[in-house]
Amino acid sequence: MTSTYLPRSLKIAVLAAAFAGIAGTSAFAQETATPREAVITVSGEGRASVAPDLAILSFSVVKDAKTAKEALDANNKAMADVLNALKTSGIADRDLQTSGFAVNPQYQYPDNSDGGNRQPVLTGYQVANSLTIKVRDLAKLGEIIDQSVTLGVNQGGSIQFSNDKPEATITEARKSAVTDAVAKAKVLSEAAGVSIGRIVEISENSSRPEPMPMMRTMAKEYAADAVPIATGENSYNVTVNVTFAIKQ
């Protein structure tokens, strides 16, 4: 009989591999034998509305002149008058922010329909200074717009109504979203002939409030005794994804 001799180190390696294979097979068999937990996942939607208590107003002062310096000086004076009036109306410095500034040359483009190659002619300069303000006393909003237009605001004009502290309203929307998710899960489970158990996972997808914008070109001819303002309501929407275990 022929005997095969294996070095001790090789025998140990072979045995280790064999045991590893057995352990892996056992773990796979155990994993296969353990069924995956049955779950049901639904999305719930909640909405809560509240009257706005904050208005974000954006407008610009635009001035044209023959030279850039003249346009800048005219713009600076008009914007300074607007800022002083806003502060006198009770707008705090923290609620006033320059949102844009530009100096642009203005050209006249000659008629080249005859095929000529005429260069544009510089006719002057335009300076635009944009301002964003937060108005916390909405009762003064119409008066502030009128005064700003009278003092030199002549371009832009957009309003977005918001809430300074919407946390309580968002909390109501969250509660409503979870209630909606539970109701949907019950309907689906009853239709399937099962019942829902514990919550396995929950996540939230929140969205911004639906803005109530008012956009209008501001010019002095629009300045009336008081600009009528309709604030409406802001709606806060929350969506939650909830996974429930299914009772077997």
Side-chain angles (χ1 to χ4, degrees), residues 26-59 90-97 99 131-142 144-145 156-216 227-248:
S26 176
F28 176 77
Q30 185 178 2
E31 182 179 349
T32 305
T34 303
R36 179 184 176 187
E37 183 178 22
V39 296
I40 180 172
T41 302
V42 295
S43 294
E45 298 179 357
R47 170 180 291 193
S49 299
V50 65
D53 57 16
L54 177 69
I56 302 174
L57 173 64
S58 298
F59 53 59
I91 305 298
D93 288 339
R94 66 188 177 100
D95 292 328
L96 296 170
Q97 186 176 55
S99 54
L131 183 68
T132 298
I133 68 173
K134 292 181 180 179
V135 181
R136 301 179 187 275
D137 186 356
L138 297 185
K140 294 183 178 181
L141 185 55
I144 287 173
I145 294 174
S158 67
I159 300 174
Q160 180 174 334
F161 294 102
S162 184
N163 296 93
D164 189 32
K165 296 180 179 180
E167 290 80 9
T169 306
I170 296 175
T171 296
E172 291 301 316
R174 288 191 178 110
K175 292 178 180 179
S176 178
V178 173
T179 300
D180 183 51
V182 172
K184 288 180 179 178
K186 287 181 178 179
V187 171
L188 292 175
S189 62
E190 289 172 1
V194 296
S195 59
I196 58 173
R198 64 185 178 86
I199 293 179
V200 177
E201 185 179 76
I202 184 169
S203 61
E204 174 190 330
N205 297 317
S206 60
S207 64
R208 286 186 171 185
E210 297 175 0
M212 301 293 297
M214 183 187 83
M215 304 195 67
R216 176 180 185 179
V227 174
I229 302 296
T231 59
E233 283 188 333
N234 285 337
S235 295
Y236 292 81
N237 302 326
V238 173
T239 301
V240 295
N241 300 315
V242 185
T243 300
F244 298 87
I246 296 178
K247 293 181 180 178
Q248 298 295 336

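None of the values given here were measured: they were computed from a predicted structure.
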- If you look at every heavy atom in P52 and G232, which pair is closest and at what distance? CD-O, 3.1 Å

- Task: Apply side-chain contact (heavy atoms from CB on, under 4.5 Å) to I145 and L57, showing your working.
- Result: CA-CA 9 Å; I145 294 174; L57 173 64; 4.1 Å; yes

- Item | Nearest-0.5 Å distance that lies between atom CD1 in I202 and atom OG1 in T243 | 9.0 Å

- Message: Hydrogens and angles aside, do S195 and S189 bring a side-chain donor and acceptor to less than 3.5 Å of each other?
- Response: no

- If every non-hydrogen atom of A245 is compared with every non-hydrogen atom of V200, which pair is closest and at what distance? N-CG2, 3.7 Å

- Query: Just how far is it from atom NZ of K134 to atom CZ of R94, taken to the nearest 0.5 Å?
  - Reply: 8.0 Å

- Shortest non-hydrogen contact from K247 toward G197: CE-CA, 3.8 Å

- Shortest non-hydrogen contact from V242 toward A181: CG2-CB, 3.8 Å

- Spacing of I91 atom CD1 and I144 atom CD1 [to the nearest 0.5 Å]: 4.0 Å

- Message: Please report the interatomic distance CG(D180) to CD(E45), rounded to the nearest 0.5 Å.
- Response: 6.5 Å

- Task: Apply the test side-chain contact (heavy atoms from CB on, under 4.5 Å) to residues I40 and L188: give CA-CA distance (whole Å), side-chain angles for both, the deciding distance (0.1 Å), then the verdict.
- Result: CA-CA 9 Å; I40 180 172; L188 292 175; 3.5 Å; yes

- Task: Enter the distance from S58:OG to Q97:CD here, rounded to the nearest 0.5 Å.
- Result: 9.5 Å

- How close do Y236 and A173 get, heavy atom to heavy atom, and via which atoms? O-CB, 3.6 Å

- Item | N241 side chain vs S43 backbone, donor-acceptor pair below 3.5 Å | no

- Item | Pairwise distance CD(Q160) to OG1(T132) - rounded to 0.5 angstrom | 11.0 Å

- Does the side-chain contact (heavy atoms from CB on, under 4.5 Å) test come out yes or no for T41 and F244, once each step is laid out? CA-CA 6 Å; T41 302; F244 298 87; over 6 Å; no

- Query: What pairs of residues pass the salt bridge (Lys or Arg N to Asp or Glu O under 4.0 Å) test when at least one of them lies in residues 158-167, not counting sequence neighbours?
  - Reply: R136-D164

- Message: Would L141 and I159 count as a side-chain contact (heavy atoms from CB on, under 4.5 Å) here? Give the steps.
- Response: CA-CA 10 Å; L141 185 55; I159 300 174; 4.3 Å; yes

- Message: A side-chain contact here means heavy atoms from C-beta on lying under 4.5 Å apart; do R174 and I170 qualify?
- Response: yes

- Query: Any sub-3.5 Å donor-acceptor pair from N163's side-chain atoms to A51's backbone N or O?
  - Reply: yes

- List in chain and number order the residues that pass side chain to side chain donor-acceptor pair (under 3.5 Å) with T179, two or more places apart in sequence or in another chain; answer none if no residue qualifies. none

- Message: Applying salt bridge (Lys or Arg N to Asp or Glu O under 4.0 Å) as the test, list every pair that has at least one member in residues 185-202; sequence neighbours left out.
- Response: E37-R198

- When you measure from the side chain of N234 to the backbone N and O of F161, does any donor-acceptor pair fall under 3.5 Å? yes

- Note on the structure: Nearest heavy-atom approach of S235 to S49 is OG-OG, 2.9 Å

